[in-house]
> 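I am attaching a structure below and will ask some questions about it afterwards.
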There are 2 protein chains.
Amino acid sequence: MADTAERAGILPALAEVFRAHGYEGASLSLISRATGLGKGSLYHAFPGGKAEMAACVLAEIDGWFEANLYAPLRDAERPVEAVSVMFDAVEAYFRSGRRVCLVGVVALGSERDRFAGAVRSYFARWVAALADALGRSGRDAGASVALAEEIVAQIQGAIVLARALDEPALFARAIAALRARVAAAG
Amino acid sequence: MADTAERAGILPALAEVFRAHGYEGASLSLISRATGLGKGSLYHAFPGGKAEMAACVLAEIDGWFEANLYAPLRDAERPVEAVSVMFDAVEAYFRSGRRVCLVGVVALGSERDRFAGAVRSYFARWVAALADALGRSGRDAGASVALAEEIVAQIQGAIVLARALDEPALFARAIAALRARVAAAG
DNA sequence: GCAATCCTGTACCGATCGGTACAAACCCTT
DNA sequence: AAGGGTTTGTACCGATCGGTACAGGATTGC
């Protein structure tokens, strides 16, 4: 049986393969090379094959965002500061737009249906946690949800645009503009 | 030899296959089924194979945006109205977020490098045309470019989010919010 | 109505796909 | 050192991948 600890070591490498090549493009030979594990080991750790690998990667990403972004947003005593910390974390995680959002990529692809629950939950909880923090910083509920949706969408779109133009600075600019908007209306 | 007219008939079906399955996932058997053409015909029309098919699809999309969005934005006598018409076209084209932006999908995937020129040109000209229209409606150049980047990114991100949450209304809301922002600052 | 050309379906190519089988190598406990 | 279970590499499976070859059908010019 594959302990979570056993899997955990290879999940980052696994995630990078899916990020770089997409679900369909991430072949077992690529995965094997990236992780340094043969097929035997891979299927020992993930009896469900590629689908289970992808599900585990999505779950790990989800867990990271839950612990580092969503929970702090919901629990913060100073919500304005929590939003700013979220922007810090987003800039670091996505490496100024050089690193794509795997959940966003899955949402755009044909494998969306297979992972619909995980994808929906990831974004729904992001929007909800952010809206919660915005609401507790003096906005009414409707405006908070609308602004939260705009912010999350802007982050996703900035990744697309920064990659398309090969211009990481665009991502940084987009985040700076979002900070300004939050500060202005708060 | 394959005339452009000969290709043109099957390009829409081809585009839908790439949109639905991505570049790697769009297998020749899927393409054959979707277009109703055997491999012989496909390779007659596109001697370069799948790569040429994708390049032609991207070129057609680019041409459509150039004719229906970019050129009107640049040439409009009433730029404010032209921006509004652009939002109409975007809502119709992306079917309220149910239809993904193929160029955006390519930008996120590993095939970005192969089509880097086309992808960059598509987005760069979109931003430039929009910034041009915004500039001629009374904004200074820097603010126009920044707002144009935000708008294009917001559109791309709204597609991701609307699909992830399976909530097309979110896309419509995002466009409405963008219209309001443009009107407010103009 | 015939011949030259264009078009297209089908069979086939080697490579690779995701997945399975299994035996040797490894690691523990005794 | 012996024995047990666990972890691993490797060979192999049928299916499918992108791409090629080519024979015959459709079409055109005359």
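Chain letters run A, B, ... following the sequence lines, proteins first, then strands; residues in each count from 1.
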> So does B:S41 get a side-chain nitrogen or oxygen closer than 4.0 Å to the phosphate oxygens (OP1/OP2) of C:dC7?
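No, outside the criterion.
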
> Tell me the interatomic distance from B:R33, atom CZ, to D:dC17, atom C1', rounded to whole angstroms.
14 Å

> Rounded to the Å, how far apart are B:E24 CD and C:dC17 C1'?
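Atom-to-atom, B:E24 to C:dC17, this comes out as 12 Å.
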
> Reckon B:H44 has a side-chain N or O less than 4.0 Å from the OP1 or OP2 of C:dC7?
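For C:dC7, OP1/OP2 do have a side-chain N/O of B:H44 under 4.0 Å.
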
> Once you round it to whole Å, what is the distance between P of D:dG18 and NZ of B:K39?
8 Å

> Grab the OH-P distance between B:Y43 and D:dG18 for me, whole Å please.
7 Å

> So, for B:C56 and B:F46, which heavy atoms are closest and what is the spacing to 0.1 Å?
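Residues B:C56 and B:F46, closest heavy atoms: SG-CE2, 3.7 Å.
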
> Describe, in one word, how the ring planes of B:F65 and B:Y93 are oriented to each other, choosing from parallel (under 30°), tilted (30 to 60°) and perpendicular (over 60°).
perpendicular

> Can you find a side chain N or O atom of B:S29 that sits less than 4.0 Å from OP1 or OP2 on D:dC17?
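The answer is yes; a side-chain N or O of B:S29 sits under 4.0 Å from OP1 or OP2.
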
> Kindly assign one of parallel, tilted or perpendicular to the pair B:W126 and B:Y70, based on the angle between their ring planes and the thresholds 30° and 60°.
tilted

> Report the distance from atom NZ of A:K50 to atom P of C:dG19, rounded to the nearest whole Å.
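Rounded to the whole Å, the gap is 8 Å.
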
> Separation of A:L28 atom CG from D:dG9 atom P, in whole Å?
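These atoms are roughly 14 Å apart.
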
> Could you check A:G40 against A:G25 and say which one's nearest nucleotide on DNA chain C is further toward the 5' end?
A:G25

> Which pair of heavy atoms, one from A:P72 and one from A:E66, lies closest together, and at what distance?
CD-O, 4.0 Å

> Could you state the atom-to-atom distance from CG of B:L42 to P of C:dG9 in whole Å?
9 Å

> What nucleic acid atoms does B:A26 come within less than 4.0 Å of, heavy atoms only: base, sugar-phosphate, or nothing?
sugar-phosphate

> Roughly, in whole Å, what's the span from CD in A:E52 to C1' in C:dG19?
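After rounding, the reported distance stands at 14 Å.
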
